[in-house]
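What follows is a set of notes on a single structure, which appears directly below.
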2 protein chains.
Amino acid sequence: MPATIRDVARASGVHISTVSRTFSAPHLVNPDTRSRVLACAETLGYRPNRAARALITGRTHNIGLIVADIANPFFPPLIKAAESQARGRDYHIFVADTNEDPAVEEELVHALAKQVDGVLLCSPRMSNSLIEQLSREVPLVVVNRQVAGLPSVATDNGQGARLAVEHLLSLGHRDLALLAGPRGSWTNREIRRAAVAAARAGGAALTVLGPNPPTETGGGALAEPVRRCGATAVLAYNDLMAIGLIEGLRAIGTAVPGEVSVVGIDDIALSRLTRPKLTTVATPAAAAGRTAVDLLLQNGAGAGARGGRRGGLDDDRRATAQVTLRTELVIRESTGPGPAASNA
Amino acid sequence: MPATIRDVARASGVHISTVSRTFSAPHLVNPDTRSRVLACAETLGYRPNRAARALITGRTHNIGLIVADIANPFFPPLIKAAESQARGRDYHIFVADTNEDPAVEEELVHALAKQVDGVLLCSPRMSNSLIEQLSREVPLVVVNRQVAGLPSVATDNGQGARLAVEHLLSLGHRDLALLAGPRGSWTNREIRRAAVAAARAGGAALTVLGPNPPTETGGGALAEPVRRCGATAVLAYNDLMAIGLIEGLRAIGTAVPGEVSVVGIDDIALSRLTRPKLTTVATPAAAAGRTAVDLLLQNGAGAGARGGRRGGLDDDRRATAQVTLRTELVIRESTGPGPAASNA
DNA sequence: TTGAAAGCGCTAACAA
DNA sequence: TTGTTAGCGCTTTCAA
């Protein structure tokens, strides 16, 4: 049976409130008393019960992190970074996986709301209005999406898509295809808009294929459509789809980058390990995870209030930083000269 | 400000204890009253505060999950499965990453202990005695390791290693190398023992290289040593190392499987996507995650007790199932005939 | 079937 | 600097 504050109080001959202070406001207690209490606590293996503490302070020191799919290699580095950042600030992270299901997303926010000081909503598929509504229940930071009035951090995949298309154009490609991602993905819209604009600016044609599941299988299924549409270069919603596409292309005897160039987005570890190595847009996932945690904590998620509302600021004054993280083109082996290469 | 049990009681004109019963023991309350309370709760958006509940019941409905490295692709499917299984049983999962550091492991168990009903310790690097000691603080299920007296679930990587070596022998290889994993890894010892035994039984030589970090880089660094030791076939501690080794081998102009055959362990998604596709031993990570959760919950982690000790059973009677999950050889492209192929 | 009361482990006024 | 007291939101005897 774990030691409680009372056990420590008894052992060190002080009142429980003194023990409490020793841990939550050490400067308010006499150094001698403090060290005695600390010694007893040590002996008894006492650690304050955070849940009990949370009941009063309103701060659980927990953060919820909701992702569409833990197994999608884009997320683990983000989760890892968030977890590490949180731990450095004495917070723990609840991780939950929605299986790309918006209904599960909503349910999880509700379920987590009371146990956490805030939730990091990664690549949510919900509607904006639902997200706004949920944000009244618990402080939210949205990752890889922007919602008016809410703090967010997003990698600039639109800018990345532009980089990718410009790279393709400079290689002499004039017939491009875009493998769209899942419906409801904000990032997907950003990529699409930027890719279309960049293609038009370069005088190239761009066919949009999709929406598709953001997986290797999703990409693989598009090999035929890609050939049919006559594109010589393809930008995929993410690396997984790009890699799936390359596989699919190989299966139908199409050489990459010989006949078709392929660019992904994310720069997951995997993209360095396939043949050909994937040309891709590196998105700073770890930085996004760290930033999201910081944003949440800055926004007063940790403020608490005795019987008061969550968060430290009024709704109006609550900071709603919308951080955008730059991306970077990483040229590897999956892109090569296009038909108009001599123009380049 | 979220609604509390008192708000609901006031709105529905009953005592808070009736509201409490409506949620925790519905059969004890009059159907009419129950539906009225439920309706009010719905309107107010009331949800019981689990932390407050845990204070009394001793059951937090949370589970801790500690892994060495979230970014290691072996873990996400395990985490995902555990999370899903837990959610189905109305539990949430805290995920924490130790960065392969035993000291962090210990600290995390302490930190999580009060907030969870049990901890899933995945591939721990701690000593057995420390694990046993920690298990007195909070119910533990050990994953991919066996500790006397503690429930555990492990994929049978020893059996897998035997399968792999036998496969290599049958291909005519007589000079084998084993890329060992990290120091402190129980799995590593199992693999080593089984590989050594299988090689000896087959009359083949086996050189053990390591210990090494269980990463792509760790494997890549071993390309030279592998060539120097004259092995024509290599078994790696995990797929990541196998893939790194293949990369490294390619960099020094060695063909796989032409000159050297390589087998991994785990069958991570990646192993299907590299060139050549990796021959490997599939370990049922998702099943391990699910089983670990079940084991924890069965062992009375969820039992709680008013003022009593954690867990539902006495120490003596506490079930200590040691589940072992069979593995399976998946032959792909990274293994081929060895010098003694004609003998096979 | 419901209400009253005690209390889980802890913090936060307030008083001494 | 320390102790006293009230109470966070909830469950659980016990009595009605």
Side-chain angles (χ1 to χ4, degrees), chain A residues 1-38 41 44-61 113-115 117 302-310, chain B residues 1-38 41 44-61 113-115 117 302-310:
Chain A
M1 191 159 63
T4 78
I5 198 172
R6 249 172 287 267
D7 299 323
V8 179
R10 204 172 305 124
S12 44
V14 297
H15 194 263
I16 60 164
S17 54
T18 302
V19 179
S20 173
R21 278 183 212 108
T22 305
F23 287 93
S24 43
H27 59 281
L28 292 181
V29 33
N30 184 304
D32 293 350
T33 317
R34 194 195 310 159
S35 51
R36 188 154 38 91
V37 169
L38 252 17
L44 296 173
Y46 169 77
R47 300 205 164 214
N49 182 324
R50 283 165 171 247
R53 178 182 277 178
L55 221 43
I56 298 183
T57 62
R59 310 166 82 238
T60 62
H61 272 254
K114 292 282 200 4
Q115 310 204 67
D117 294 340
R306 183 172 183 123
R309 50 163 302 118
R310 307 294 286 251
Chain B
M1 192 160 63
T4 79
I5 199 173
R6 249 174 285 269
D7 300 322
V8 179
R10 204 172 304 124
S12 43
V14 297
H15 195 262
I16 60 163
S17 52
T18 302
V19 178
S20 174
R21 280 184 209 108
T22 304
F23 286 94
S24 44
H27 58 282
L28 292 181
V29 33
N30 183 302
D32 292 351
T33 317
R34 192 196 310 156
S35 51
R36 189 152 40 92
V37 169
L38 252 18
L44 296 172
Y46 168 77
R47 300 202 165 219
N49 182 324
R50 284 165 170 244
R53 178 181 280 180
L55 220 44
I56 298 182
T57 62
R59 312 165 81 237
T60 62
H61 272 253
K114 291 283 197 5
Q115 311 204 66
D117 295 339
R306 185 175 180 118
R309 50 164 301 115
R310 305 295 286 252

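Each chain gets a letter, A, B and so on, in the order its sequence line appears, and its residues count up from 1. Quick note: numbers below take in every heavy atom, side chains included, and nothing from hydrogens, waters or symmetry partners.
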Quick one: does A:Lys114's side chain have a donor or acceptor within less than 3.5 Å of a partner on B:Arg47's backbone? yes
Write down the distance between CD1 (B:Ile56) and P (C:dA5), rounded to a whole number of angstrom. 17 Å
Please report the distance, rounded to the nearest Å, between NE2 in B:His27 and P in C:dT1. 10 Å
Would you kindly give the CD1-to-P distance between B:Ile16 and C:dG3, to the nearest whole Å? 11 Å
Take B:Leu55 and B:His15, find for each the nucleotide of DNA chain C with the closest heavy atom, and name the residue whose nucleotide sits nearer the 5' end. B:His15
Nearest-Å distance, CG (A:Leu28) to C1' (C:dC14)? 14 Å
With a non-hydrogen cut-off below 4.0 angstrom, is B:Arg21 in contact with a base, only sugar-phosphate, or nothing? base
Looking at every strand, decide which applies to B:Arg34 at a 4.0 Å heavy-atom threshold: base, sugar-phosphate, or nothing. nothing
Gap between atoms CZ and P, on B:Arg36 and C:dT1 respectively (whole Å): 14 Å
Classify A:Tyr46 by what it touches in the nucleic acid, base, sugar-phosphate, or nothing, heavy-atom distance under 4.0 Å. sugar-phosphate
Sugar-phosphate, base or nothing in reach of A:Thr18, heavy atoms under 4.0 Å: sugar-phosphate
Among the nucleotides C:dC10, D:dT2, D:dT11, which one has an atom lying closest to any side-chain atom of A:Asn30? D:dT2
Euclidean distance, atom NE2 of residue B:His61 to atom P of D:dT11 [Å, nearest integer]: 11 Å
Interatomic distance where CZ belongs to B:Arg6 and C1' belongs to D:dG7 [whole Å]: 9 Å
Give one of base, sugar-phosphate or nothing for B:Val19, where a contact means two heavy atoms less than 4.0 Å apart. nothing
Once you round it to whole Å, what is the distance between P of D:dG9 and CZ of A:Arg53? 18 Å
Do you know which two heavy atoms are closest between B:Arg50 and B:Thr60, and how far apart they sit? NH1-O, 4.3 Å
Determine the contact category for B:Ser20: base if any of its heavy atoms lies under 4.0 Å from a base atom, sugar-phosphate if only primed atoms, P, OP1 or OP2 are that close, otherwise nothing. base
Quick one: on DNA chain D, does A:Pro31 or A:Ser17 contact a more 5' nucleotide (nearest heavy atom)? A:Pro31
Look only at the side chain of A:Thr22 and the backbone of A:Thr18, and say whether a donor-acceptor pair between them is shorter than 3.5 Å. yes
Heavy-atom closest pair, residues A:Val8 and A:Val19: CG1-CG1, 3.8 Å
I'd like to know if the side chain of B:Ser20 and the backbone of B:Ile16 have a donor-acceptor N/O pair within less than 3.5 Å. no
